[in-house]
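Written out below as structure tokens is the structure these notes cover.
Just so we're clear, the structure is a prediction, and the values are computed from it rather than from any experiment. Every chain is numbered from 1, with letters handed out A, B, ... down the list of sequences.
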Protein chains: 2
Amino acid sequence: MSPRTGIDLQMVIQTAAEIADQEGFEAVTLSALAYKLNIKSPSLYNHVKGLPGLRKQLALYSIGEFYNTLSEAAIGRSNDEAIIAIGTAYIHFARKHPGLYEATFRAPDLMDPEVRTAGDRIIHLILKILQAYGLEGSAALHIVRGFRSMFHGFASLEQKGGLGMNLNRDESLNIMISTFLAGLHSRLNSAK
Amino acid sequence: MSPRTGIDLQMVIQTAAEIADQEGFEAVTLSALAYKLNIKSPSLYNHVKGLPGLRKQLALYSIGEFYNTLSEAAIGRSNDEAIIAIGTAYIHFARKHPGLYEATFRAPDLMDPEVRTAGDRIIHLILKILQAYGLEGSAALHIVRGFRSMFHGFASLEQKGGLGMNLNRDESLNIMISTFLAGLHSRLNSAK
DNA sequence: TGATTTAACTAATATGATTAGTTATTATAC
DNA sequence: GTATAATAACTAATCATATTAGTTAAATCA
């Protein structure tokens with residue numbers, strides 16, 4: 001059924017991922033990707049629906065890798081320890097895979113069902129941990145949004161060089177997370 | 001000295017700002033901008049150094065507008081009230097001016113001295129407010145990074161449609177800020 | 001062995017950024 | 001007033017990328 005069984009979707013995405021991490025998300029062009037795969041760029045249309053299609057596939061791949069990293073970090077941990085582990089893993093992933101991290105939120109349409117479903121797994125991961133705090137429903141979702149905002153904001157600012165450089169960034173991260181956790185505990189106590 | 005005194009840098013940036021807010025940051029191309037100004041795109045090179053130059057100018061303009069909005073929100077307020085006002089103004093600005101907000105962090109080089117200086121004014125605005133908490137030096141800087149991460153992360157996720165839609169976003173914002181503030185107070189108390 | 005499938009190809013078009021070199025308008029000098 | 005200098009805007013051309021249409025050819029399967 002398949003002629004010239006050379007390149008498959010997995011190779012396309014894998015190679016795109018390499019370009020993304022090595023040269024940046026914007027460097028993932030059909031032109032550069034085809035060159036690296038030793039084919040001509042129109043041939044890529046046999047694998048993905050143009051540049052938007054490629055970015056969607058790269059987003060799905062990246063979100064998957066990201067989820068794996070975060071969920072592994074949470075194994076065997078609970079409560080604050082689990083949150084700190086996930087937050088740390090989150091930032092480390094963004095540092096190690098800047099292109100993949102950017103791809104996770106630069107899909108052509110984040111409302112796309114497949115993309116959304118992939119991203120929801122990460123939300124559920126955090127929700128699961130928050131259950132131990134007695135948080136659920138909308139109260140838990142608000143807190144998840146807080147964590148996501150903090151983590152994404154920190155990773156994003158760091159990646160763009162938006163944070164100055166004369167101050168230890170890991171310390172900032174630790175302080176940020178523990179401050180938010182302290183506030184969370186304080187709110188939970190006073191709600192009793 | 002000037003022939004055909006038609007278009008000046010201010011008009012160029014103003015028009016670019018309109019495109020950015022109406023059609024998105026990516027829609028600010030030299031081609032679209034020139035069309036809207038009724039000139040040919042190479043003529044823009046008399047005003048800005050290509051697309052990177054335009055983006056830098058747009059970043060400087062946007063950061064200036066952003067700073068004005070935030071500083072006005074802080075007038076006559078202090079402590080938690082000032083932080084909440086700034087955080088709210090931050091998110092409202094990003095909602096009202098999605099293109100300008102994106103431009104603030106999509107300059108070709110955020111390390112550029114002019115861009116950095118403009119951005120530093122916003123950091124100093126928050127630092128000033130934190131003085132009332134007895135925070136200064138690196139401790140204050142870590143907390144500023146926390147606020148910036150939260151605000152930027154929230155605005156960024158919201159803009160990209162990364163937050164789901166079945167939950168009130170303003171409430172999430174209020175909870176996030178007050179949780180962090182509660183944690184900040186708790187840390188400051190236990191440090192005594 | 002022959003038909004079918006389809007990956008990869010070539011050719012062509014469109015859009016956008018950019019450079020080089022030209023034109024022409026305006027302000028200033030005389 | 002007229003000449004000159006400065007420069008905004010222009011045309012022409014090139015390059016890169018994305019994309020479409022139509023062709024070629026290799027591998028599978030009947």
Side-chain angles (χ1 to χ4, degrees), chain A residues 1-61 99 102-103 106-109 112 115, chain B residues 1-61 99 102-103 106-109 112 115:
Chain A
M1 275 195 195
S2 65
R4 305 187 209 189
T5 315
I7 289 158
D8 61 3
L9 182 58
Q10 200 192 339
M11 286 170 66
V12 170
I13 297 172
Q14 192 60 48
T15 306
E18 286 169 16
I19 297 174
D21 275 344
Q22 286 165 16
E23 302 174 46
F25 178 80
E26 304 275 4
V28 182
T29 62
L30 294 184
S31 178
L33 177 55
Y35 182 81
K36 202 165 181 184
L37 288 166
N38 284 308
I39 60 176
K40 307 294 176 183
S41 62
S43 305
L44 284 169
Y45 285 74
N46 291 314
H47 302 284
V48 292
K49 294 194 187 124
L51 186 59
L54 174 63
R55 287 184 170 176
K56 176 181 166 179
Q57 292 302 322
L58 188 59
L60 291 174
Y61 170 78
E102 191 164 353
R106 291 207 49 184
D109 178 15
D112 177 285
V115 176
Chain B
M1 274 195 195
S2 65
R4 304 186 212 191
T5 314
I7 289 159
D8 61 3
L9 182 59
Q10 200 193 338
M11 287 170 66
V12 170
I13 298 171
Q14 192 61 47
T15 306
E18 288 168 15
I19 297 174
D21 276 344
Q22 287 165 16
E23 303 175 46
F25 178 79
E26 303 274 4
V28 182
T29 62
L30 294 185
S31 178
L33 178 55
Y35 181 81
K36 201 165 181 185
L37 288 166
N38 284 307
I39 60 176
K40 307 295 176 183
S41 63
S43 305
L44 283 170
Y45 284 75
N46 291 314
H47 301 285
V48 292
K49 292 193 188 127
L51 186 58
L54 174 64
R55 288 184 169 175
K56 177 181 165 179
Q57 292 301 322
L58 188 58
L60 291 174
Y61 169 79
E102 191 163 354
R106 292 206 49 184
D109 178 15
D112 177 284
V115 175

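Across the protein-nucleic acid pair, A:I19 atom CD1 and D:dT17 atom P stand 11 Å apart, rounded to whole Å. As a whole-Å value, the separation of B:N46 CG from C:dT19 P is 13 Å. Atom CG of B:L33 is separated from atom P of D:dA9 by 12 Å (rounded to the nearest Å). The separation between B:L51 atom CG and D:dA16 atom C1' is 14 Å, rounded to whole Å. Between B:K40 atom NZ and D:dA8 atom P there is a gap of 19 Å when expressed in whole angstrom units. If you measure from atom CG of B:L9 to atom P of D:dT7, you get 15 Å, rounded to the nearest angstrom. Rounded to whole Å, the distance from OH on A:Y45 to P on C:dA8 is 15 Å. The distance between atom CD of A:E26 and atom P of D:dA18, rounded to the nearest whole Å, is 11 Å.
A:E18 has its side chain within reach of A:K36: a pair of non-hydrogen atoms, C-beta onward, lies under 4.5 Å apart.
Of the candidates D:dT20, D:dA9, D:dA18, the closest approach to any side-chain atom of A:P42 belongs to D:dT20.
Summarising the geometry, atom CG belonging to B:L37 is positioned 7.5 Å from atom CD1 belonging to B:I19; distances are rounded to the nearest 0.5 Å. Between atom CD1 of residue B:I39 and atom NE2 of residue B:H47 there is a gap of 5.5 Å, rounded to the nearest 0.5 Å. For the atom pair B:I7 CD1 and B:N46 CG, the distance stands at 10.0 Å (nearest 0.5 Å).
Regarding contacts with the backbone of D:dA9, a side-chain N or O of B:H47 is found under 4.0 angstrom from either OP1 or OP2. Dashed line: the shortest gap from a side-chain N or O of B:S43 to OP1 or OP2 of D:dC10 is under 4.0 Å.
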